[in-house]
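Inspection log for the structure reproduced underneath, given as structure tokens.
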Amino acid sequence: MYQIYPRSFADGNGDGVGDLRGIIDHVDDIAALGVDAVWLSPIYPSPMHDFGYDVADYCNIDPVFGTLDDFDEMLAVLHECNLRLLLDWVPNHTSSKHPWFIESRSSIDSPRRDWYVWRDARPDGSPPTNWMSMFKGVPAWTPDGHTGQSYLHLFLAEQPDLNWANPEVENAMHHTLRFWLDRGVDGFRSDVVNLIGKGTDVDDLSEELAAVPLLATDRPRGHELLRRIRSLLDSYPQRPMMVGEVYLLSAGESASYVGTPDRPELHLSFDFRAVHVRWDAAQIHRTIAAIQNDFSEPRWPTWVLSNHDQPRHRSRYGSDAHARAAAVLSLTMRGTPFLYAGEELGLTDGEVPPDRVVDPNGRDGCRAPIPWTPDGDADTGHGWATAPWLPFPTNASTHSFASQRDDPRSMLGLYRRLLALRAATPALRSGALDLAPLDGDLLRYDRVSGDQRITVVVNCGTAATPWPDDLLTASVLAASGERIVVDGAPLDPLEAVVLGYE
Ligand code: NOJ
């Protein structure tokens, strides 16, 4: 899966903000990378307080990105190239400019009043409950002068939470899924999807949890709602899928949101433990074991190293060598790897001076625009006709797309090779994972399907480590470094190798 942050991908109309035309212009490049599907962060009309995660109309395209005609063209071009399209569906909250909320806030008697979560302040005038919003450290309740009540928003005040306990809300949101499924999309990434289970069930939490109420919103209703969403998806001929963002208190709990084979919910549920792991052999080993355990058969995990909410892993780990080893890990894991556009170039975050900060939650760096060409500086060039909305990654000049396109030894070359190998190798695509005990800094696992076995070795350390004796007869299928044959030479620092057997 290839995540595109549309504002930062490619600018078709030269206004400094990426758009659908820009994506259309690069579909061939995405196909050449070898991914199966593209997920677009939100492209709906939005006041952009949270850059599209504040949706004012679920069934249209924001003019900054293009039109519905552009969308249809983009979908057709993606499908011609055998790429599927997932949209980002934002079910927990709308924009405060959504007509539903405008109507809801208009009066206590509004027919849409109960579409959102309204409460009276406490007798002493304090907010209805102790919940804090996820952004800006303010209460999750904002008083609305007009009616005197407060509305709930787990994120910005411009993102009021919908009340999914109201069946009309459920119907209306099902309609938004149908709108895009009828247009031919192949699925959705669903934003903070477990939150829809809370409805109006928002009573006081312990002080610790009230600071991050998101983590305390695992409710049976969420699972019921997801089962009904799944039935809707399953009724479509294109067999659409949904991957959900589920953040919960206990690590691994998100796995329960795929349901069971007879009562399915999400197809995939994100696990973000890999995003948070430091580059350390023991930690990586523990994380792989935990994710594989929580998502054991018939569940299937995801593997995420970067996205639009976290510093890029090339920046977190600190070198190309780390990022190359991470690429081998990510693309040989049991699970669906989610690539964040630009990681295949080894991009770092951008440096955003205080006067250029636009995100309310400090995430501008990882949203730096993609440098298509090497020519340019921190603010202009790199294939963008106008200076883009954010500064470029700090390594834009050395790591642009054009500087890597024709170089098989580049990061892009490595990603292409690994994706092609994965596509052609059943054990890597869907085989079981057999994780060996950690040997110093040497991480090792087998992927197995029928009689096919693939071995992956990763030297996570910064010193050379001996080549394992039992792997002297294996052959190299892909490697993060220069190795093309097994000759017993020690593994270089941060070297990762994929091995097969004749
Ligand atoms: C999670 C999204 O990934 C993030 O970008 C957004 O700000 C919040 N959900 C709120 O929608």
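The figures here come from the full heavy-atom set of this structure, side chains too, leaving out hydrogens, waters and symmetry mates. Start at 1 and go down the list; that is how both ligands and their atoms are numbered.
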Aromatic plane relationship, Tyr340 with His308 - under 30° parallel, 30 to 60° tilted, over 60° perpendicular: tilted
Sidechain-backbone polar pair: Arg112 side chain, Ser106 backbone, donor-acceptor under 3.5 Å: no
Any donor-acceptor N/O pair, Thr380 side chain to Gly376 backbone, under 3.5 Å: no
Ring-face cation contact, Trp118 with Arg113, 6.0 Å cut, 45° max: yes
Test: Arg119 cationic atom under 6.0 Å from Trp141 six-membered ring centre, within 45° of axis: no
Pair Phe392-Ser397, side-chain contact (heavy atoms from CB on, under 4.5 Å): steps then yes or no: CA-CA 9 Å; Phe392 285 101; Ser397 294; over 6 Å; no
What are the atom names and distances for all N or O pairs under 3.5 Å between ligand 1 and the protein?
residue: ligand 1; atom: 3 (O); partner: Arg189; partner atom: NH2; Å: 3.0
residue: ligand 1; atom: 3 (O); partner: His308; partner atom: NE2; Å: 2.9
residue: ligand 1; atom: 3 (O); partner: Asp309; partner atom: OD2; Å: 2.5
residue: ligand 1; atom: 5 (O); partner: His308; partner atom: NE2; Å: 3.0
residue: ligand 1; atom: 5 (O); partner: Asp309; partner atom: OD1; Å: 2.8
residue: ligand 1; atom: 5 (O); partner: Arg363; partner atom: NH1; Å: 3.3
residue: ligand 1; atom: 7 (O); partner: Asp50; partner atom: OD1; Å: 3.2
residue: ligand 1; atom: 7 (O); partner: Asp50; partner atom: OD2; Å: 2.5
residue: ligand 1; atom: 7 (O); partner: Arg363; partner atom: NH1; Å: 3.0
residue: ligand 1; atom: 9 (N); partner: Asp191; partner atom: OD1; Å: 2.8
residue: ligand 1; atom: 9 (N); partner: Asp191; partner atom: OD2; Å: 3.2
residue: ligand 1; atom: 11 (O); partner: His93; partner atom: NE2; Å: 2.9
residue: ligand 1; atom: 11 (O); partner: Asp191; partner atom: OD2; Å: 2.7

